[in-house]
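Here's the structure we're looking at; comments come further down.
These values consider heavy atoms only, across backbone and side chains, with no hydrogens, waters or symmetry-generated copies. Counting starts at 1 for both ligands and their atoms, in listed order.
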Amino acid sequence: MKSNKQYTDSFKKRVDHEAGKHRGDLAMKEPAVCETCGNIYVNRRWLRAGSDVVVSDPHTVICPACVAKRDNITSGYVHLEGHFVRDHWDEIKKLLDNEADRAADDNPLARIMAFEKERDDAFTVRTTTEHLAQRLGNSVKKAFDGDIRYDFSHENKLAHVWWLRN
Ligand SMILES: [Zn+2]
């Protein structure tokens, strides 16, 4: 009985470690296509949906970005604050969307998960990668000036970017 229970515990731990995946196989089979966004996995790399790559008879999977989105696992936060944000939110959002689109060419797993309105003059953008949060912060700073601060925690792999313009 005791050994049975131990087996169950370790099995549970392994499943949790794989973030809810019920397949024991961590190595992704190739070629594969994400059934949610159409990202393609081939030669151990993710390519954007619509890439010029022809894959025959791909496996159907859910890519890590779609898993993060589905399970609400955020890796980066961009906090935008100030009167300027309130008055120019549409412009800022458009810039962020465009930048995220360009980022996806480099890394198809980098994605904006959500735009969240905290107040009239404060929004939070959540991303699937730390790097994308940094990149979005850079682009806002470059386009609209303001004050920026980066806060990275390498321990829990989380990036916070704070941008303020009044
Ligand atoms: Zn996907």
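- Remark: H131 pairs with no residue by the ring-ring contact (aromatic ring centres under 6.0 Å, His included) rule, at least two apart or across chains.
- If you look at the Zn ion (ligand 1), the protein N, O or S atoms less than 2.8 Å from it are C34 SG, C37 SG, C63 SG, C66 SG.
- A salt bridge is absent between K94 and D90; no separation between the charged side-chain nitrogens and carboxylate oxygens falls under 4.0 Å.
- Ion pair D145/K142 not flagged as a salt bridge, since none of the NZ, NE, NH1 or NH2 atoms sits closer than 4.0 Å to an Asp/Glu carboxylate oxygen.
- Classified by interplanar angle (parallel below 30°, tilted 30° to 60°, perpendicular above 60°), the ring pair F144/W163 is tilted.
- With sequence neighbours left out, the side chain to side chain donor-acceptor pair (under 3.5 Å) criterion links R126 to N72, T74, E116.
- If you chain together ILVMFWY residues whose side-chain heavy atoms come under 4.5 Å of each other, L158 ends up grouped with Y77.
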